[in-house]
Amino acid sequence: MPKLLTEAQVAAYHRDGYLSPLRAMDAAEMTGLRANYAALCAREGGALSKRTNQKPHLLVTWLDELARHPRILDAVEDVIGPNILCWASGFFDKPAHSPGFVSWHQDSTYWGLSEPDVVTAWVAFEPSTPLSGCMRVVPGTQTRDQVPHKDTFAADNLLSRGQEIAVEVDPKDAVDIALQPGEFSLHHVRIIHGSEPNNADWSRIGFTIRYVPTYVKQIGGRDSAMLVRGVDEFHNFDPEPRPKADFHPEAVAFHGAMIDRVTKILFAGAPQAASKRYQPTHVTQPHA
Ligand SMILES: O=C(O)CCC(=O)C(=O)O
């Protein structure tokens, strides 16, 4: 028996590679999280640095709680099973009328994970619509193997390496994942997806949370993840502690060490300058 989804929704996820929209919380609850996010950005001088925006749930208590939101975890459990690690998180924030976009890609390209049994919950903090540059997916493409990608490092591309799929994608095959604040979608690590710039008068903000079943391994090096539900009988990842308080010194130290490690995995083979933007702010510009 699924926990949150219907049998038909579970089947649709496995057939199409995504599911949307699902509701995590009501609009009022999301208004509170939106205010928290604004305060977090203000703390960082207006926008999150690339470093803070890697696994921020290790630093910030309310993001740790969001990564454990029961409705999100119930849906995730329905598609990947009961023993769940949160492997990564981060915001995709496109300010109003900004050129940032996400090229067509498969998430699995540089993540170094052993199986494609990885699901992302994309949680809307603001209306995500075709006008504001919502995510678009090509249904069914998750059944393909890994497709070659090329790195572009394009300035307005929100992806770490500006990676884009090296095969033709017909935008007519894509569907819009429109979401209202408090709603979320699920997408498979192999589905081809991307998004256009934000032409709306509001910011398009989504928080992505990447979940893996505990049997998945990191093949690019030693990595860490946080058990958010069930038991970990595999110990393939070093366990990550929950933050005791926002930016608690222990959390900051742990996060720093883990980001240094995962950055090496994610940027394997890329020019050094690319990963520099993920280094501590005293080494490089804070919000480059
Ligand atoms: O937020 C977007 O537009 C794209 C998100 C994305 O590529 C992802 O979650 O993997």
Side-chain angles (χ1 to χ4, degrees), residues 13 16-22 24 34 37 47-48 50 53-57 63 66-67 72 75-76 79-80 86-113 116-139 141-142 144 146-147 149 151-154 156-165 169 171 174-181 183-200 202-212 262 266:
Y13 173 82
D16 300 333
Y18 77 99
L19 208 52
S20 179
L22 301 166
R34 177 71 183 87
Y37 177 64
L48 294 193
K50 287 190 179 296
N53 198 26
Q54 286 261 358
K55 300 195 185 206
H57 67 283
L63 289 174
L66 184 53
I72 297 176
V76 168
V79 299
I80 64 167
C86 174
W87 175 67
S89 69
F91 285 93
F92 279 82
D93 184 341
K94 296 179 186 172
H97 299 286
S98 60
F101 70 100
V102 174
S103 48
W104 295 116
H105 69 287
Q106 290 171 307
D107 289 336
S108 47
T109 309
Y110 296 115
W111 288 2
L113 299 170
D117 301 341
V118 186
V119 62
T120 294
W122 197 107
V123 186
F125 275 51
E126 288 280 353
S128 191
T129 66
L131 182 67
S132 67
C134 64
M135 196 166 68
R136 311 195 73 213
V137 302
V138 185
T141 48
Q142 83 288 351
R144 294 192 189 177
Q146 180 63 51
V147 176
H149 284 58
D151 295 340
T152 68
F153 297 106
D156 290 329
N157 195 321
L158 301 187
L159 297 179
S160 54
R161 300 165 67 135
Q163 61 267 34
E164 65 183 39
I165 207 152
V169 176
V175 298
D176 293 321
I177 307 286
L179 294 170
Q180 288 304 309
E183 290 182 332
F184 69 105
S185 59
L186 296 179
H187 71 265
H188 187 282
V189 73
R190 281 260 167 86
I191 198 165
I192 296 175
H193 61 290
S195 65
E196 298 287 323
N198 181 359
N199 293 312
W202 65 88
S203 296
R204 196 229 61 171
I205 301 165
F207 186 59
T208 57
I209 319 168
R210 324 285 191 182
Y211 298 100
V212 297
V262 79
L266 298 178

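Reckoned from all heavy atoms, side chains included, excluding hydrogens, waters and symmetry mates. Remember, it's 1-based here, ligands and their atoms both numbered in the order they're listed.
Of the protein's non-hydrogen atoms, the one nearest atom 4 (C) of ligand 1 is Val102 CG2, 3.8 Å. Considering only non-hydrogen protein atoms, atom 3 (O) of ligand 1 sits nearest to Ser195 OG, 2.6 Å.
Residue contacts with ligand 1 for Arg136 are absent, since no atom lies close enough (heavy atoms, distance under 4.0 Å).
For Phe125 and Phe91, the ring centers sit closer than 6.0 Å to each other.
Close to ligand 1: Arg210, with a non-hydrogen atom less than 4.0 angstrom away.
Inspection of the Gln163 and Ser103 side chains reveals no N or O donor paired with an N or O acceptor under 3.5 Å.
Those atoms of ligand 1 with a heavy atom of His105 less than 4.0 angstrom away are 7 (O), 10 (O). Ligand 1 places these atoms under 4.0 Å from at least one heavy atom of His187: 8 (C), 9 (O), 10 (O).
Between Thr208 and ligand 1, not a single N/O pair is under 3.5 Å apart. The distance criterion of under 3.5 Å between nitrogen or oxygen atoms is met by His193 with respect to ligand 1.
Screening Ser128, Ser203, Ser195 against Lys94 for a side chain to side chain donor-acceptor pair (under 3.5 Å) leaves a single residue, Ser195.
Here the side chain of His188 pairs no donor or acceptor atom with the backbone of Tyr18 at under 3.5 angstrom. Judged by distance alone, the side chain of Gln106 and the main-chain N or O of Val147 form a donor-acceptor pair under 3.5 Å. A donor-acceptor pair under 3.5 Å is absent between the side-chain atoms of Ser132 and the main chain of Asn198, judged by distance alone.
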